[in-house]
Amino acid sequence: MSETSTGPLGPAGNNVRRNIRRLREQRRWSYREVEERLARAGRAIPVLGLSAIDSGERHVDVDDLVALAAVFGLTPGELLEPPADCENCHGSPPAGFMCMECETSGLHEYAAAEAQAGN
């Protein structure tokens, strides 16, 4: 398992990163506690790896995503969702725009609308 990033995080990676941080902080779990829960779930991520995920320096692979979702009692899809608690866009920026507060992109809605208009 690589502990380094292969490039900047995209919108989904940023959603995962922000959701993990928010959930960890809401539950008042330390990185050590998340590490222990992940180890019990069979997917150990060391404290330094969790810190790197939190800061966007480490990508979350599919196996990490599944384990993190299980630890937080969510589905992987829920970790991929934009953060609905953003006071600026509420997780849904206008199509074609990016929220400067939470960095959620509305580009996929724009692309879907353009594709549908082309049909």
Rounded to the nearest 0.5 Å, what separates atom CD1 in Ile20 from atom CZ in Phe72? 6.5 Å
Are the charged groups of Asp54 and Arg18 less than 4.0 angstrom apart, N to O? no
Shortest non-hydrogen contact from Pro76 toward Ala69: N-CB, 3.6 Å
How many angstroms lie between atom CZ of Arg58 and atom CZ of Arg17, to the nearest 0.5 angstrom? 14.0 Å
Give a yes or no answer on whether the side chain of Asn19 reaches the backbone of Glu81 with a donor-acceptor pair at less than 3.5 Å. yes
Under 4.5 Å between side-chain heavy atoms, hopping through other hydrophobics if needed: is there a path connecting Leu79 to Trp29? yes
Between the side chain of His59 and the main-chain N/O of Gly7, is any donor-acceptor distance below 3.5 Å? yes
Is there a donor-acceptor pair under 3.5 Å between the side chain of Glu78 and the backbone N or O of Thr75? yes
So do Leu9 and Glu57 actually touch side chain to side chain, heavy atoms under 4.5 Å? no
Leu65 versus Val60: any side-chain heavy-atom pair under 4.5 Å? yes
ILVMFWY cluster, Val66 and Val16 together (side-chain gap under 4.5 Å): no
Going by heavy atoms in the side chains, are Arg43 and Asp61 under 4.5 Å from each other? yes
Going from CZ on Arg21 to OG on Ser55, what distance comes out if it is rounded to the nearest 0.5 angstrom? 8.0 Å
Please enumerate all residues that pass side chain to side chain contact (heavy atoms under 4.5 Å, CB included) together with Leu38, with sequence neighbours excluded. Val34, Ile45, Leu50, Ala67, Leu68, Val71
The side chain to side chain contact (heavy atoms under 4.5 Å, CB included) partners of Ser30 (sequence neighbours excluded) come to Arg32, Glu33
